[in-house]
2 protein chains.
Amino acid sequence: MSYVYDFDHKHRRPPMEMKDLLGGKGANLAEMTSVLNLPVPYGFTITTDACRDYMAGGWPDGLTEEVSRARARLERKMGKRLGEPSDPLLVSVRSGAKFSMPGMMDTVLNLGLNDESVDGLAKQTADERFAYDSYRRFVGMYGRIVLDLPGEEFDLLLEAAKELAGTTSDAAVPVELLRYLVDAYQEIVKRHTSKPFPQDPDEQLRGAIEAVFRSWNGARAVAYREREGIPDDLGTAVNVQAMVFGNRDERSGTGVGFTRDPATGAKGAYGDFLVNAQGEDVVAGIRNTEPLSALKRKFPKVHEELLGIFARLEHHYRDMCDTEFTIEQGKLWMLQTRVGKRTGRAALKMAVDMTKDPQIALTREEAVTRVTAEHLEQILHPQFATRDYAVLTKGLGASPGAAVGRVYLTADEAAAAAHRGEDVLLVRSETSPEDVHGMLAAKGVLTARGGLVSHAAVVARGWGKPAVVGADSLRIEGKSFRVGETVVAEGEWVSIDGTTGEVVLGKVALSPAEPTAEFEVLLGWADTIRKGRLGVRANADNGPDATNARRMGAEGIGLCRTEHMFLADDRLPIVRRMILASTPAEEEEALEELRIAQKADFIEILRAMDGLPVTVRLLDPPLHEFLPHVDDLALKDATIGLTDEERRLYQAAKDWHEMNPMLGTRGVRLGVVKPGLYAMQVRALMEAALELVEAGGRPVVEIMIPLTVTREELALARWWVEQAVEEALAASNGADVGRAAGRGAKAAQRKAKSRAKAVTTAIIEAGASTPADVAAAKAALRLDVRIGTMIETPRAALRAAEIAEEAEFFSFGTNDLTQMTFGFSRDDVEGRLMATYLELGLLAHNPFETVDADGVGELVRMGVDRGRSTRPELKIGVCGEHGGDPESIAVFAAAGVDYVSCSPFRVPIARLSAAQSVLAMGVVPAKAKVPAKPGVPAKPGVPAKAKVPAKPRVPAKAGVPAKAGSGVPDAAKASAATRGRARGKPA
Amino acid sequence: MSYVYDFDHKHRRPPMEMKDLLGGKGANLAEMTSVLNLPVPYGFTITTDACRDYMAGGWPDGLTEEVSRARARLERKMGKRLGEPSDPLLVSVRSGAKFSMPGMMDTVLNLGLNDESVDGLAKQTADERFAYDSYRRFVGMYGRIVLDLPGEEFDLLLEAAKELAGTTSDAAVPVELLRYLVDAYQEIVKRHTSKPFPQDPDEQLRGAIEAVFRSWNGARAVAYREREGIPDDLGTAVNVQAMVFGNRDERSGTGVGFTRDPATGAKGAYGDFLVNAQGEDVVAGIRNTEPLSALKRKFPKVHEELLGIFARLEHHYRDMCDTEFTIEQGKLWMLQTRVGKRTGRAALKMAVDMTKDPQIALTREEAVTRVTAEHLEQILHPQFATRDYAVLTKGLGASPGAAVGRVYLTADEAAAAAHRGEDVLLVRSETSPEDVHGMLAAKGVLTARGGLVSHAAVVARGWGKPAVVGADSLRIEGKSFRVGETVVAEGEWVSIDGTTGEVVLGKVALSPAEPTAEFEVLLGWADTIRKGRLGVRANADNGPDATNARRMGAEGIGLCRTEHMFLADDRLPIVRRMILASTPAEEEEALEELRIAQKADFIEILRAMDGLPVTVRLLDPPLHEFLPHVDDLALKDATIGLTDEERRLYQAAKDWHEMNPMLGTRGVRLGVVKPGLYAMQVRALMEAALELVEAGGRPVVEIMIPLTVTREELALARWWVEQAVEEALAASNGADVGRAAGRGAKAAQRKAKSRAKAVTTAIIEAGASTPADVAAAKAALRLDVRIGTMIETPRAALRAAEIAEEAEFFSFGTNDLTQMTFGFSRDDVEGRLMATYLELGLLAHNPFETVDADGVGELVRMGVDRGRSTRPELKIGVCGEHGGDPESIAVFAAAGVDYVSCSPFRVPIARLSAAQSVLAMGVVPAKAKVPAKPGVPAKPGVPAKAKVPAKPRVPAKAGVPAKAGSGVPDAAKASAATRGRARGKPA
C-alpha cells in the first residue's frame, strides 16, 4: 500500500472513483492530469490513509521516504529542486478531504523559499520585488496556518509598512520594506516558537503536511462534520503541487471559471480573472476582477484554450464544472476543478438542458438526481439574496422562504397595516386561532414560543408563508419586542428566513420565487419515475388548500384534519354546545348543526380532489382544545366572576382537563366516549360524496380512524362508520341498500341485547355479513369508500398484523409515533431540549424533521411488513410532517409505503425526493418474486461498534444530491424493493 | 367422533385430562365411575363438541340418535324407562363447562315425570306426596330454566298454597294442594308459551339439553367469561344422570362434604348434611344442616363408606376434594366431586401437609403451585369476613386489604382522631405529600380522584395500607362526603376493600391478617425453585421501607426513587432554591445542602440492604413537580398578590411548565439540562457507600439513569456518573485512585477543548480508558458499583443492542413503557376510559395492572434479546408496578429477565409467582445450548383470526392456580428458557 500518488499516476480505476483515498481535490487533479491530459502543474497527493494512520499513531512509518521519493520525481519533472539556491522549485500544499469542508487548513503557497533560495528566485525571475513578496507571503502563511500563530501580528506589520511607504496597496510596498518585513515576520515566528523560521524545505514540507493532518480535528472542522453527519474517521488527503505564478507580470494572471453560469444555468463560460495576481488576490477582492469574456481580448489564445478545456471538462464530468486557473507568462495552467455549486434555477435549467446536449446525453433519471430539495426550495420561496447581514436572533425555521415587513404585535394591527398597504411581519409570543386573520395579512410570522408543530408553524406551512417560531430570546413588551438589549418597536423593519430560522433587523434584499419552465419539465420526469412506486399526496383541510395541493401536483389528500373545521369562528360555539349538552337531545341537536357545516366543508374538498382519494381523519384532538383555558376561567372566576355560560364552560374545561393531553382522551378514544361524533362526521362526509356523485363527480373517500391501539377498537369504530355509511347510502339509494342496512342494524340490535361483550361480537358479525352489501351499494353508486386507520402509537405498529384485519389502509402518523417512541412531547422538548441535544451529539438530527430511521423507522418497517402479512393489498401512506422531508421519504420508500403526504407547498419537493428515492432503490429484476412472508419482522439494526456515527449523512452538495436512502439499512431497502415489485401485480 | 359418552365409558386417557371435551363435571363423573368405581348414579355426558356445533349451525345432525341410544343404555342399566307410567326413570340434566362458570344453566331435576308417570312414581314409592312434590318441582324448574319463564309466578302460587295450608314449610303442603299446584304451574307454562307443558320425555330432554347449550351465551355467562378471560368458543357439556332421592324418607338424605376443612386446612372430613332432603334444600338453607360428624350416629355404615371414599378421592386427586352425595333409603350415592376451593390459610396448610402425607406425596414444586397470589393476599391483609353488605360505591382497588374506620376528611383531623385512639379512614379528593401524616395515622385511605399510580395509591401500597382511589361518584362537601343521595358525615363508620375497590357504609367484620407457619415454609420452597432463575427485589425509597422489604424476603432494591427524598418537607425549600438559583454558586450551594441530606437517606437504605444490591434511580420527575402549581400562583397573583419569593417561584413554575410532562424534561433529559444534579446525587450515594464500607458494611450500589432514548445520552450520563464516582473514591482512597481519577479528568479536559462534538468523543474515550482504573479502585474498596439504565421508552427497547454497550444493567420501567406504547396517560386514561374499554372488550385487561403481553411484552422481549446480543452478561430487571402482578411476572420470566421488583408488601406474592413461572417454563435440557443470536428479534405475535380473545386467561380457582405463563407465546417461552439455561453458565 502506498501513501503517495503522483497526479499522473496511472490508477487502475478512474481517479474520480477514488475520492475516499485521494480526497476530492486530489482525485480531480489526477483526473485532469492522467485522464484528460490537461495542463496541470505537476504534483502528488498524500492519501487519506496517511492521515488516518497519523491520527491513530502519529507520523506513519515510511511516509517520510515516500514523500521524499515523490518530491524527487516532481523535481525531476520540473527540472528544479526545492530550496535550490539558484533556481528553486516552489510548491503549494493544500488539504483535500473526500467532501469539501470549511474549517480545514486551506493552502500554503510558495513553500520551498528560504533565505537563500529567495535570491535565486529573484535572479531567475529578474524580479527581486516578486521574490521577496513571495517569501513574505510564505512566511506569513506558514506562521499563521502551519505554526498556528496569531495572524494579527503579521497584518499589523504589513499595515505599518504600507503606512511608511505612503500607500494602501500591497503591490506598492517597496522591496526594501519587503526585505525588512521578511525579517520581522521571522522574528514573530522565533518569539512564539522559540525556534528560527525553518529554512530546510524538508522541514517546511513536513510541517505543512502535519498541519493539514491536524486541521482535520480542528474545532470548526469537527463542528461542520457533526452538523453535516460526515464520519470523523475519513481523514483528509494532502496535495503538493508545483507553484505557477499568476503574479509574475502583465502576461500573467489568475481566475476562476465556470463552464456554465452557476446563477442562471445559461450555457457558455462564466467567471472572473485578474491580470498579474495570485489566487488569494481574487478571493480578497481588493482589486476589481474582469469578466472571463475580457480574456478573449487580452489573452486570445489562452481564452480559446480555456474554452476548449471547459468543453472537455463538461463532456467528461457530464456536468457544470467550477475551475481555478493561472496564466504564467502567457501559459495556461489548470489548478483545480470540481463539479460546481449552483442556484436552484440554474440546477433545473442545466439538468434539463444537459439531457438535450448530445455530448453529455444526460438521461432523465440522471437529470432528476441533479436537483436537490434545497434547489426547489429556492425556486418555490423568496430567499435572502445576500449573506451580508447581522443576525439578531435565531428561532426554528418553521415554514421556508424569507419575508421582510414592518413589525406588528397583534393580529388586528397587522391586518389593519396590511390593509393600509404595508408589508407586515406579525410578531407574537405564540399564535392561536384568533390570530389567523393577522397571519393571513402578514408577509411572514415570527413567534417567541412553540415548536415546529405549534399553531403558527402548522398554519404558516399550510399557506406556504415564511415563519420563524420559538425564537426564545425574544420578549414582547407592549408595543415593542426585545432581544437582549435590542428593542424593536412596532413599525420597524425586520426580515426573517423561515428556512434557517434567522431573524434580522432591517430589510434584507430578497430574491423572488420563480418557478421556471424547467421546473415543470423536471418534476414531470420525476413523476414518471415514481409512478406506481411512491405516490405523493397533500395534507389539506379545506377547499382552497386542496385546490392548491392539486395545482402543486398532489395525487390526493393523505390527511384531512376535521378538527380544523371545528375551530372556525362560526363552528366553535356549536362544538361547545355539543360538549356541554346535558341531554342526548341537546347533544344530537348540536351534532346536527355540525353535520350540516361539515358537509359543506367536505363538498368543497372532495370537489377540488374529484377523482383522487381524500383521506378524512375523524376527530382527533382532546375535547378540551375546543374549550377555553381552564386557568383563564379560574382566574376570571376568582376576580371578575363568571357568567352562567362561562361557569358551565369552566366545569366542562375542568372535567375534560388532562395532565398529558397527548396521551389522553383523543382519537378513537374520543369516539368511544362520544360515539355520536364519529357517526355525525361520517354521515356528513357521505352526504357530501353522494351529492357530488349526483352532480356527476367521482369522489374517492377514505375514512381514517386516529390513534388506534387495539384491533378491537378499530373493529368497533369500523362498525360505527359502516353503519353511518350504510344509513347515508340507504337514505339516498332507496330500498335495496335500505334493506341491506336494515339487516345490519337488526343483526346489531339482536346482539346488543346480550350485554357486556356483545358490542365486540356484533362488530365482528356485522363485519362479516355486510361488506358484500356495502360493496354492492358502492358499485351502484360509483362511490368508493375505504376504512382505515392511523398507525401512530408504537403498539399499533407492533400489532399491525391484527389491526390490518380491520383496516383497508394504514397511514403512519409519524409525528405522534415519534413523540411516543422517544417519549418526546414536541411542545415541551423541541424548544427546551432539542438544540442542546443536537449540539451535544445526543441526537443526529431533530427526529421531528427527519424521521429516526433506527427507532421510529423500525416501527414503520414492522408496521408495513406485519400489516401486509395479513392483508397483502393493504394501502399504506405516511401523513406526518416527515412526508415532506427528503431523507425521511427515502426511509419510507425503503420501508415500502405506497405514498407520502405533506403540506401542499412541500408537494413538489416530495415529488422530486420520491423519484430520487425510487432511483436509489434501483430496479428490481422481474424474476426475484418473493411472496410477502407473514409475520417476518424487519431486521433490527445491527449494533454499531465504531465511535463514528453509524450512518453518515452525505452532505448536500450542488450537483451531487444527497444519496437517497443512505440512512436505511440495505436489508430494508431490498425487502421494500421486492415488495414494490410484488405490489406491481396485486394478488 | 361421538357426541355422547356414558360415565362408565372406557376412555383411552384419564377422563380428568378430557375436560375440554367432557367439561369439568362430566370428567369428574366419568373419573369416579370408570376409574374409581365409586357409587355414582349412571348417566352420560353430551360433549362440548355438540355445543359448539349447535352454536355454529343449530341442533347437530346425529345428536338426536346418539342421545337416544345413550338413553336406552341408561334405561337398560337402571331397569327403568323415562316416562314409563308404572315405574319411571327420572334424570337430572346439568351443564358442565371446562371451567366452573356462574351464570350458566345449573340443573333440571326429576326430568321424565309427566301426568302419567307421576302416578307410577307415587305407586312405586308408595308416597304420593313425594311424587307430586317431585313433579311440582320439575314443572317449576323446567318452566323457569328451560322455558325462561318468570320464576315469581311459580313462587307466588307456592306461597299462596302454604298460606292456604297454614304452614311456612314446603314439606307441610298437603298432597291435594300439590296436585293443584302442578296444574296451576302447567297453566303458567301454557299461558306464556301457548303450548301445553311437554309430556313427552324426549321433548323434555331435548328442551333441557338445548337450554344448557343456549345458556352458554347468556348475558351473565358471557360477562363472566369476559371478566375471567375464558374463550367464548369452548362451549359446555351436558350431563344427564339418573335421579336418586335424598328426600324419599328418613333413611334418605343429602349433603356436601370436603375431604379436609376448606377454611383451616385441618385434616379430616368436613361438611353438612340434611336428612330427607334434596340438594336444593341444603342450598336454600331453610332447614338447619347437621355437621358431617352426625352421620356417624345416624348412618354409621354410610359414614364409614363416605370416609373411605374421601380417602380414595384425596389419594386419587392428590388434593382436597369437594363432593356432593345423596343417601337414598340407606344407600350412598356420589353425585359430584371436584378439587375444592379453599381459603388462603387452608391452601397453605394443605399444600405443606400433603407433602408429608405418604399417600399423596406432593412434591414441593407441586405444593408451590397449589397456592395462588389471592391466597397470599388473604394471609397478608385483613379481609372482609363476610359478603353480606351493601356496596355504597366502587373505586379502584389500589392497595389490597380491608379497613374499617371513622371518616375524616383532612389529614390533620385524621391524625388528631387517631391520636385520640380512634380507628380512622382518611377520605380525600386526592392526596398530596402534605397529607402523608394523615395517611400514616389512618387504617385506610379513600380518594375520589386518581388512578393506580396516584399519590394515594403509591404511598398506600408502599406501606401495605388498604386504599381505594378514584371513587369518582364521591363528592366531598365540607365536613361530609356524598355519593348520589347518601351523605356520610365526619365520624361515621365506613369500610373499604382495597382489593376489590368496594366502599361500604358502616362496619364490615374483618378477618385478620395472619401469616401462618406454613407461609414461611412454602415461600422458602418457592425461593429454592426460583433461585438463580428469577429474583425478587423491592421498590423502596427510605430506610424503614427497605428494612420492611428485606423482612418480606426482597433480595435487594430494584428501584429507589430519589425524588421521594426531594419532596420531604425539609428538602423541598432547598430543591426550590436550586431551581431558582440565578448564579452557578447559588445552585451549587443548594446542591451541596441536598447532597448532605441525600447522603443520610442513602446510608439508611444501604445499611438496611447491606450485602444486597440497591438500584438507585437518579432524579426522574420534571422539575415543576417541585414547584407550586402555576395556576395557584396565577390566581394568587390576580387576587391577593404575590410576595417576591412567590413571584420568583411563579416565574420558575411558568418556565418549567409543560404541556405533557410525561413526555417532557424528565429523567436523563433533566440531567442534560442540569448536569450538576446527577453529579450531586452520585457523590452523596458514593459517600454514603464509603462510610458504610469503612464501618465494615458491604454496600452494593447500582446507579440507574432514567428515560434513556439514545446510546449517546447514556454515554454522557455514564461519563458524569463515572467522574463523580471517581471523585468520591479518590477523595476517600488517597493517591492511587486519585491519580486514576485525575487521568480521567485530564483526558476529559483535553478533549473538552475541541468544542461541539467533543463531549461525545470524550465520553467514548473516557469510557475506554478508565474502567480498569475504576475496577481497581472498586476492588480496593470492596465497593461494588454498576451503572445502568431504565428501559421505559419504546425507542430504548428497540435500540437496546446499542444502549447495552453503555449499560451494565437494564431495568424495564413497564409503567412508562406501557404509557408510551399505548399512548395512554395513566393520570388521564385510567379514570376516564379504562372501565369503558374493559367493558366493551377493547382491552382484555387494564394494561397497567397486567402487562400487555402482545405489545409491551414484545418490546420487553426485544429489549432483553437485543440487549444481551451485545452484552451477554447484562443484568435485567423489571421495576414497574407489573413486577408484583402474577400474570405479568410470568410474561417477564418467559422474556428472560433476571429479577422483578415490586412494593415491599407484594414481595411474598412475587416470590410465589416467580417460582410458579419458573415451574411453568419447565426444566431446560442441559445440552440444548443455543448461543444468544445477536439481532434476532422476538417472534411477532401470530395474528389471531378467531373472534375469541387470542390468549385465554385461565380463571383463578382454589387448588388450580392460574397457569403461569399462559399469556405468553410459546416461542417466547422457549427462547427465554433457553436463555435461562445459557445464563446458568455465563461466558
Side-chain angles (χ1 to χ4, degrees), chain A residues 217 219 222-223 226 631 634-635 638-639 658-665 669 672 707 709-710 712-713 716 754-757 759-760 764 793-795 798-799 801-802 805 819-825 827-829 832-833 836 840-843 854-855 858 866 870 935 937 940 942-944 947, chain B residues 217 219 222-223 226 631 634-635 638-639 658-665 669 672 707 709-710 712-713 716 754-757 759-760 764 793-795 798-799 801-802 819-825 827-829 832-833 836 839-843 854-855 858 866 870 935 937 940 942-944 947:
Chain A
N217 278 328
V222 170
E226 170 64 14
D631 316 347
L635 210 58
T639 50
E658 293 188 304
M659 299 284 286
N660 296 287
M662 177 55 52
L663 309 177
T665 307
R669 300 168 196 173
V672 173
L707 210 67
V709 292
T710 72
E712 289 71 21
E713 268 177 321
L716 178 59
S754 73
R755 293 278 314 126
K757 176 101 197 270
V759 177
T760 320
I764 295 156
T793 62
R795 193 177 195 279
L798 291 165
R799 306 305 296 164
E802 58 183 28
E805 292 174 6
Q819 297 201 83
M820 292 177 200
T821 304
F822 279 85
F824 276 169
S825 160
D827 288 321
D828 302 309
V829 162
R832 184 172 290 146
L833 276 181
T836 311
L840 293 179
L842 303 180
L843 286 171
D854 295 337
E858 179 171 8
R866 295 181 179 187
T870 53
V942 177
K947 55 173 121 169
Chain B
N217 278 327
V222 170
E226 171 63 15
D631 317 347
L635 211 57
T639 51
E658 294 189 302
M659 300 284 286
N660 295 286
M662 177 55 52
L663 308 177
T665 307
R669 300 166 198 175
V672 172
L707 210 67
V709 293
T710 72
E712 288 72 19
E713 268 177 322
L716 177 60
S754 73
R755 293 277 314 124
K757 174 101 197 275
V759 177
T760 320
I764 293 156
T793 63
R795 193 177 196 277
L798 291 166
R799 305 304 297 163
E802 59 184 27
Q819 297 201 83
M820 292 175 199
T821 305
F822 278 85
F824 276 168
S825 160
D827 288 321
D828 303 310
V829 162
R832 183 172 289 145
L833 277 181
T836 311
E839 191 187 320
L840 293 179
L842 303 180
L843 286 171
D854 295 337
E858 179 171 8
R866 294 180 179 188
T870 53
V942 177
K947 54 172 119 167

Testing the basics here: between [X] and [Y], what is the closest heavy-atom pair and its distance to 0.1 Å?
X	Y	value
B:D827	A:M659	CB-CG, 3.6 Å
A:P794	B:M820	CD-O, 3.3 Å
A:R669	B:F822	NH2-O, 2.7 Å
A:E712	B:G841	CG-O, 3.5 Å

Which atoms of [X] approach chain B - backbone, side chain, both or neither, heavy atom under 4.5 Å:
X	result
A:T710	side chain
A:L635	both
A:L707	neither

Practice task
Show your working on side chain to side chain contact (heavy atoms under 4.5 Å, CB included) between A:V829 and B:L663 and close with a plain yes or no.
Solution key: CA-CA 8 Å; A:V829 162; B:L663 308 177; over 6 Å; no

In the structure I gave you, are the side-chain heavy atoms of B:L833 and A:T665 within less than 4.5 Å of one another anywhere? yes

Exercise. Side chains of B:V709 and A:T821: does their closest heavy-atom pair fall under 4.5 Å?
Worked result: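 No. Closest side-chain heavy atoms not under 4.5 Å.
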
Rounded to the nearest 0.5 angstrom, the CZ-CG distance for B:R795 and A:D854 is 6.0 Å

CD (A:E858) and CZ (B:R799) are apart, to the nearest 0.5 Å, by 7.0 Å

**Request:** Quick one: do A:L840 and B:V672 satisfy side chain to side chain contact (heavy atoms under 4.5 Å, CB included)? Show the steps, please.
**Result:** CA-CA 9 Å; A:L840 293 179; B:V672 172; 3.9 Å; yes

Donor-acceptor under 3.5 Å (B:D828 side chain, A:N660 main chain):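 Side chain of B:D828 to backbone of A:N660, a donor-acceptor pair under 3.5 Å: yes, one is there.
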
